[in-house]
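Input: a single structure, listed below in structure tokens.
No experiment lies behind these values; they were computed from the predicted model shown. Below, all heavy atoms of this structure are taken into account, side chains as well, without hydrogens, waters or symmetry copies. Each ligand, and each atom within it, is numbered from 1 in the order the structure gives.
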Amino acid sequence: MTTAPKVVVIGAGVLGLSTALELVNRGVTDVHVIERSHPGEGSSGRSVGMVETQYFRADDVEARVYGRRFYDRMAADHGLGFVACGYLRLGSTTDDIASFEGSVATQRQFGVDDAKVLTVEEISHRWPQLVTADRIGGLYGESDGYIDGYEYCTLAARQIRAAGARISTNCDLLGAVTAADGRWKVVTSTETFVADVVVNAAGAWGAIVGERLGAPVALHPQLHGAVTVDLRTPMEPLLPFVMDYVPDSGTDGVYFRAERANQLIAGLHTDEGVHEAVSPDVRLRRVSEDDVERVLTLMAERLNVVDDLTVSGSWQGIYPMSPDHRPIVGRHPEQPTVVCALGAGGSGIQLAPAIGLVAAEAVLDSVPTFAWSSAWAPDRVTAGIPSRPIV
Ligand SMILES: Cc1cc2nc3c(=O)[nH]c(=O)nc-3n(C[C@H](O)[C@H](O)[C@H](O)COP(=O)(O)OP(=O)(O)OC[C@H]3O[C@@H](n4cnc5c(N)ncnc54)[C@H](O)[C@@H]3O)c2cc1C
């Protein structure tokens with residue numbers, strides 16, 4: 001393309017808005033985000049908002065370091081709230097500790113110098129309310145923290161509009177056809193738009209939107225929830241975000257962080273396919289009694305304040321998970337004028353800036369910033385992958 005393309009982005013969650021923001025920051029202003037509800041109304045407004053870099057593979061770490069720095073700039077320049085609560089990943093085997101040491105070294109390569117491996121004695125000394133007898137250490141990121149996904153969507157939408165691009169709300173993608181000139185006619189519930197490139201950033205609905213664009217993608221959305229847990233006695237010192245799950249462990253685990261001295265937010269997390277796939281239109285309710293029970297049981301094993309835990313509220317949302325649990329970003333192999341920005345699973349807030357960057361580079365056919373970005377290319381999830389039954 002010799003002139004700037006006309007781009008339609010489907011979905012105003014963190015991935016669609018980060019892609020649009022990256023495009024306008026590169027001077028591409030003929031960008032139109034269409035959203036069937038409002039910015040942040042999907043998974044992005046239902047997250048716990050953790051932004052951290054305590055991962056193991058170099059690509060996973062580099063993408064998250066990029067995200068951390070992006071949100072630091074959004075906080076400094078645009079007032080995005082960022083609470084640096086710290087992030088502690090607990091480990092129970094010597095293999096875990098070896099991977100933690102590896103993560104610290106990898107993070108250092110990308111300029112993160114405050115990640116460290118803590119012994120259980122150091123953990124207990126710092127947060128005496130944590131039970132560590134059955135753990136042997138932890139990977140700790142002192143300056144990791146959380147944002148509010150909904151607030152980021154609102155801020156990003158404001159910047160995108162201020163740069164001259166458009167966001168249409170209450171505007172549902174119904175279908176799209178390519179005209180004789182090779183351009184897309186994007187048909188929505190309100191208007192028909194013309195585009196050179198369409199970005200599928202429809203989150204858990206990405207497979208449905210992919211079908212409507214003739215650019216199929218396999219997704220396995222997972223239902224997840226979070227609970228607020230009140231404490232009769234305020235807890236000092238404040239807990240960091242504690243993750244009692246190690247990636248690739250074949251299971252899920254509990255996480256919790258202090259919201260304030262007398263309230264924790266907690267849930268069950270996995271980066272793997274251990275939860276069954278659900279329809280993206282599954283009715284979102286409060287967290288089931290079974291899951292609340294499981295969160296409380298696992299927290300009780302990890303905290304010295306068992307008698308004081310009361311669940312005061314909960315909500316559900318969807319992890320838009322890909323079949324291999326890795327993001328799906330780049331040009332679609334069968335429809336190269338469709339760019340996917342999908343499959344962020346339970347890490348979409350922290351990965352959104354990197355996914356937005358890779359998607360924008362795909363739109364513009366520009367030299368990739370990340371040497372590994374082809375590992376996110378959609379071809380691995382567009383054909384021949386058996387979809388698991390939707391329940
Ligand atoms: C309980 C919970 C806790 C989480 N905690 C964290 C965390 O701590 N850290 C982290 O990094 N991630 C976390 N996540 C994951 C994160 O929220 C998601 O990965 C991320 O929000 C996905 O963003 P998205 O833009 O892909 O999807 P969404 O935010 O769902 O955006 C997709 C948008 O597309 C729109 N859309 C769909 N179909 C159409 C259509 N036909 N036409 C127009 N628009 C359409 C939808 O309305 C929606 O707004 C959590 C998720 C949950 C549920």
Quiz prompt | Donor-acceptor contact present, side-chain Asp96 to main-chain Thr93, <3.5 Å | solution = yes
Quiz item: Side chain of Thr192, backbone of Val187: donor and acceptor closer than 3.5 Å?
Solution: no
Practice problem: Quick one: sort the Tyr245 and His269 rings into parallel, tilted or perpendicular, breaks at 30° and 60°. | Solution: perpendicular
Quiz item: What is the ring orientation for Trp376 with Trp372, classed by angle as parallel under 30°, tilted 30 to 60°, or perpendicular over 60°?
Solution: perpendicular
For [atom], which protein heavy atom lies nearest, and how many Å away is it?
atom                    : value
atom 22 (C) of ligand 1 : Pro320 CG, 3.8 Å
atom 7 (C) of ligand 1  : Met50 N, 3.3 Å
atom 28 (P) of ligand 1 : Ser43 N, 3.6 Å
atom 34 (O) of ligand 1 : Gly11 CA, 3.3 Å
atom 5 (N) of ligand 1  : Val48 N, 3.0 Å

If we only count N/O pairs under 3.5 Å, is [X] in contact with ligand 1?
X      : answer
Asp172 : yes
Arg36  : yes
Glu35  : yes
Ile349 : yes
Gly49  : yes
Ala226 : no
Leu15  : yes
Ile10  : no
Gly225 : no
Val14  : yes

Heavy-atom distance to [atom]: which of [options] wins?
atom                    : options                        : result
atom 18 (C) of ligand 1 : Gly345, Ala344, Ser347         : Gly345
atom 10 (C) of ligand 1 : Ser314, Gly346, Pro327, Pro280 : Gly346
atom 23 (O) of ligand 1 : Gly348, Gly13, Ser44           : Ser44

Quiz item: At under 4.0 Å between heavy atoms, which part of Ala352 makes contact with ligand 1: side chain, backbone, both or neither?
Solution: neither
Under 4.0 Å between a Lys/Arg side-chain N and an Asp/Glu carboxylate O for [X] and [Y]?
X      : Y      : value
Arg302 : Asp244 : yes
Asp30  : Lys6   : yes
Lys116 : Glu122 : no

Quiz item: Cationic tip of Arg89 within the cone over Tyr55's six-membered ring, i.e. under 6.0 Å and within 45° of the normal?
Solution: yes
Exercise. Give a yes/no verdict on a cation-pi contact between Arg285 and Trp315, requiring under 6.0 Å between NZ or CZ and the six-membered ring centre and an angle within 45° of the axis.
Key: no
Exercise. Report, as yes or no, whether the 6.0 Å neighbourhood of atom CZ on Arg286 holds more than 12 heavy atoms from other residues, nucleotides or ligands.
Key: no
Self-check item: Aromatic centroids of His275 and Tyr319 separated by under 6.0 Å
Solution: no
Self-check item: Tyr71 and its ring pair (Phe, Tyr, Trp, His ring centres under 6.0 Å) partner, picked from Phe82, Tyr146, Tyr152, Tyr66
Solution: Tyr152
